[in-house]
Amino acid sequence: MPITTVPLQPTDLSVLAPIIGEERTSRLLSTASDVSSALSGKSVINVNSTAKGGGVAEMLHWLLRYIRGTGVDVNWYVISGSPEFFPLTKRIHNMLHGDAGDGIPLTDADSEVFRKVSLENAEELRAVVKPGDIVVLHDPQTAGLAPEMKQAGADVIWRCHVGTEQDSELRTAAWNFLSPYLNDVDRFIFTRPSLVPDWVDRERLSIIAPSIDPFSTKNRPMSSEQARSILEHTGIVQGNSTTEPPEFTRADGSIGRVNRMADIVRTGPAPHPDTRYAVQVSRWDRLKDMQGVMEAFAEYVDGMRETRLVLAGPVVTGVADDPEGGEVLTECIEAWRELPHFERHRIQLVCLPMIDIHENAAIVNALQTNATAVVQKSIQEGFGLTVTEAMWKGRPVVASAVGGIQDQIVHGESGLLVDDPQDGEEFGKALQSVLDDDALAGRLGDNARRQINEHFLGDRHLLQYAELIQQLT
Ligand code: UDP
C-alpha cells in the first residue's frame with residue numbers, strides 16, 4: 001500500500017514582515033532559530049489522508065513550507081486506504097460531529113479494516129521514521145498509526161481538527177473506537193477547549209487554532225478586475241471565455257493560468273459580472289449544509305437589490321478521503337430542482353476543478369474577493385478556514401455560531417453569528433441585513449480583516465508549534 005510524499009518548497013519566514021510588522025517577525029525568527037537548533041538531526045513528519053481538498057491539506061501546504069524554511073527537516077506523507085477504509089473514516093468523522101452519516105454502526109469488522117490499513121501505512125512509514133523524530137498525525141484517519149510510530153521510537157503528536165461540543169452516543173462511540181490507538185501519544189492538539197473529549201489527558205494537551213497564509217494563492221491580494229476575469233473565464237459570471245485564460249499569482253510568486261472552467265448547475269445564462277452575490281465555499285458535506293443555505297436564501301433573502309447565491313465546492317471526484325461528496329451534491333441539485341423557477345434562477349451550484357490546486361485556489365480567491373457577502377452555515381465546524389479566508393479579504397461574513405467560527409467572529413463587530421445553525425430564517429435575515437446595509441457590511445469587513453491579522457495568521461500558529469516542540473525536546 002503506497003504512501004505518497006508531498007513536495008515542499010522552503011519559504012523564508014521574513015516574507016511575512018510587511019504584513020505582521022518587524023516586532024512579530026523578529027520574535028518569530030529568533031524562536032525558529034532556537035527550535036531548529038533543538039531539533040538538529042531530527043525530522044518532523046506530518047501524516048494525513050489527502051494532499052488536496054479540505055482545511056488540513058490547505059494548511060499543511062504553506063505551514064510546512066515555512067517550517068522547512070527555518071532549516072527543520074519537515075516532511076509530509078499522505079496515507080492510502082482500501083476501498084472500505086475511507087467510507088469508514090468518513091463515518092467516524094460524521095459520528096464525531098454527532099451525525100450518523102451512512103447510519104451503519106461501528107463493528108468489529110470495521111476495527112479490523114482500520115487496524116489493517118493503519119498497519120500497512122505504518123510499515124511504509126517506518127522506512128522514514130527514526131527514534132527521536134517527531135510524528136504529527138492529523139485527524140481520525142491517521143490515529144491508528146500512533147502505536148506503531150511510538151514503537152518506532154518517535155514522539156507522537158495527534159492533532160484533531162474536527163469535532164463538536166455536544167455530547168451524544170454517536171460521538172462517544174466514535175471516540176471509543178479511536179481512543180485505544182491514542183493512549184500513548186505524547187501530545188494531543190485540539191482547535192478549541194470545548195472540542196476536547198473527557199478521555200484526553202489534560203497534561204498532554206495543547207490548544208492550537210488553525211490559521212491562514214496571507215501569501216498563499218488563495219489569500220494573496222487579488223484585484224477585483226482580476227477576480228472578475230477569473231469568474232468570467234470559469235463561466236460563473238457572464239463574459240468572454242474564449243479570450244486568453246486569466247493569470248493569477250501562486251504562493252511562490254510564479255504566474256499561473258486558470259485554464260479550466262467550472263461545472264455549473266443553473267437556469268439560463270450566467271449573471272452579469274456586476275451582479276451582487278453571496279457565496280459559500282465548502283466541500284459537499286452535509287455538515288456544511290449547502291442545501292440549508294440554498295433553502296434559506298430562497299425563502300428569506302430578497303430585497304430591492306438583486307443578489308444571487310453561489311454555492312461552490314470541489315468537483316466530487318476531487319477529494320480522495322471524502323467519499324460522500326457525490327451523494328451530497330446530488331441531494332443539493334435535487335433540492336434546487338424543487339425550488340420555484342424564480343428562486344432557481346437566483347442560485348447556482350458550482351463545482352470547481354481540482355486537478356491543479358493553485359488553479360482551484362485562484363478561483364476560490366476570486367469568488368471570495370468579489371462576493372458581496374460570504375456565508376458559512378455549517379451545522380458543526382472544527383474551525384472553518386473558509387471564514388478566516390473571507391474575513392482576511394475584508395468580506396462581511398454571516399456564519400453559524402459553531403466550533404471555531406465563534407473564536408473568529410465577534411458578533412456584530414467582525415461578522416454576524418447565527419445562534420442556531422438549523423434556523424434558516426435567522427440565517428436568512430442576518431444575511432439580508434448585511435446585503436441591505438453597505439455601511440454595516442463595510443464595517444464588519446474592515447474589523448474582520450484586522451481580527452485575522454491579529455489572531456489567525458501563521459506567526460501565532462508557528463510560535464505555538466514551536467512552544468510545543470520545545471516542550472517535547
Ligand atoms: N476549498 C477549496 N476548494 C473548494 C472547496 C473548499 O479550496 O472547492 C477549501 C476552502 O477554501 C478551505 C478548505 O477547503 O481552505 C476548507 O476548510 P474548512 O476548515 O472550511 O473546512 P473542512 O473542509 O476542513 O471541513
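One-based numbering, in listed order, for ligands and for the atoms of each. Note that the structure is predicted; figures quoted are calculated from it, not measured.
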For [atom], which protein heavy atom lies nearest, and how many Å away is it?
atom	answer
atom 18 (P) of ligand 1	L385 N, 3.5 Å
atom 8 (O) of ligand 1	P314 N, 3.0 Å
atom 6 (C) of ligand 1	V281 CG1, 3.8 Å
atom 12 (C) of ligand 1	E389 OE2, 3.3 Å
atom 3 (N) of ligand 1	N360 OD1, 3.1 Å

Which of the atoms in ligand 1, numbered in the order shown and given with their element, are less than 4.0 Å from a heavy-atom of [X]?
X	value
V364	2 (C), 3 (N), 7 (O), 11 (O)
G313	8 (O)
G55	13 (C), 16 (C), 17 (O), 22 (P), 23 (O), 24 (O)
L352	8 (O)
G384	19 (O), 20 (O)

Donor-acceptor pair, side chain of E359 and main chain of R260, under 3.5 angstrom:
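Such a contact is found between E359 side chain and R260 backbone.
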Under 3.5 Å: donor-acceptor pair, side chain of H97, backbone of D99:
no
Modelled atom types, side-chain donor and acceptor of [X] and [Y], under 3.5 Å:
X	Y	value
N48	R159	no
Q408	T388	yes
R450	N447	yes
S414	Q451	no

Among the heavy atoms of A361, does any lie under 4.0 Å from an atom of ligand 1?
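In this structure, A361 fails to qualify as a contact of ligand 1 - no heavy atom is under 4.0 Å.
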Contact with ligand 1 for K288, non-hydrogen, under 4.0 angstrom
yes
For atom 1 (N) of ligand 1, which of the options R283, E58, K218 provides the nearest non-hydrogen atom?
K218
Kindly indicate whether a cation-pi arrangement holds for R187 with W158, taking the cut-offs as under 6.0 Å to the six-membered ring centre and within 45° of the axis.
no
Should the pair F188 and W199 be assigned to parallel (<30°), tilted (30 to 60°) or perpendicular (>60°) ring geometry?
perpendicular
E165/R192 salt bridge by N-O under 4.0 Å criterion:
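Yes, R192 and E165 are salt-bridged.
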